[in-house]
Amino acid sequence: MKRLARRFLLPLLMACSAAAAAADADALFAAALTGTDGRPAALAEYRGKPLLVNFWARWCPPCRSEMPELAALQAEYGAQGLTVLGIAIDDDPVAVREFLAAYDIGYPVALGRDTGIGLMQSLGNASAGLPFTLAIDREGGVLLRKLGAFGKDDFHGVAQELMR
């Protein structure tokens, strides 16, 4: 029953999100974020690529539980063009780098610093809760907005939808 619900729930969730979300991801591509190296992160370089964007924080247990799944997703679908992009709601690039190394996270991560929460809100997360995930297609359309943790099957379903 659970498997059947996932099979139909994810496409329905994506269809509802796409219909309700007329806005595209321009705010994301224009955002002034910082890389884990402390330099400005150019998010515009991701325009035109299928993206799975995940807002997270080091202190967020559901965020930490999702990260290995996101890393596996990047490893599996990266060669096909999918990019997993993490946006940490953190200020300290050193602490984030150490955290990413401890969790063996190899996908790109930027720091939201002062603008991360506002960016999440502009992308449809009015409550600024975490984790918050967006699926963005090649045209910059937001196919999915998900507040809360995802499971492995859900991530794979979204990735397959983005790769179509």
### Task
For Ala27, check side-chain contact (heavy atoms from CB on, under 4.5 Å) against everything at least two apart and list the hits.
Leu119, Ser122, Leu123
### Query
Listed by chain and number, what are the side-chain contact (heavy atoms from CB on, under 4.5 Å) partners of Ala95, not counting sequence neighbours?
Arg58, Asp92
Side chains of [X] and [Y]: does their closest heavy-atom pair fall under 4.5 Å?
X	Y	value
Leu28	Ile87	yes
Tyr103	Leu70	no
Phe132	Gln121	no
Leu43	Leu85	yes
Phe55	Leu134	yes

### Residues which pass salt bridge (charged side-chain N to carboxylate O under 4.0 Å, His left out) with Asp91, listed by chain and number, not counting sequence neighbours
none
Hey, could you give me each pair passing disulfide bond (SG atoms under 2.5 Å apart) that has a residue in [range]? Not counting sequence neighbours.
range	answer
residues 73-110	none
residues 43-134	Cys60-Cys63
residues 123-164	none
residues 90-164	none

### Joint hydrophobic cluster, Ile105 plus Val94, side-chain heavy atoms closer than 4.5 Å
no
Shortest non-hydrogen contact from [X] toward [Y]:
X	Y	answer
Arg138	Pro50	CG-CD, 3.7 Å
Ala42	Glu45	O-CG, 3.1 Å
Val109	Trp56	CG1-CZ2, 3.9 Å
Leu73	Ala159	CD1-CB, 3.9 Å
Ala128	Ile117	CB-CG2, 3.7 Å
Ala57	Leu130	CB-CD1, 3.7 Å

For [X], give me all partners under side chain to side chain donor-acceptor pair (under 3.5 Å), at least two apart in sequence or on another chain.
X	value
Asp137	none
Gln160	Tyr77
Arg47	Asp26

### Query
Do any pairs count as a side-chain hydrogen bond (donor to acceptor under 3.5 Å, both in side chains) and have a residue in residues 29-44, sequence neighbours left out, and if so which ones?
Asp37-Arg39
### Task
If a pair satisfies side-chain hydrogen bond (donor to acceptor under 3.5 Å, both in side chains) and one of its residues is in residues 65-74, list it, with sequence neighbours excluded.
Asn54-Glu66
### Summary
When rounded to the nearest 0.5 Å, the distance separating CD1 of Ile89 from CE of Met120 is 4.5 Å
### Query
Should Phe150 and His156 be marked as a side-chain contact (heavy atoms from CB on, under 4.5 Å) after you check the CA-CA gap, both sets of side-chain angles, and the distance that decides it?
CA-CA 10 Å; Phe150 255 43; His156 282 278; over 6 Å; no
### Task
Given side-chain contact (heavy atoms from CB on, under 4.5 Å), test Glu76 with Phe155 step by step and report yes or no.
CA-CA 11 Å; Glu76 183 174 343; Phe155 277 130; over 6 Å; no
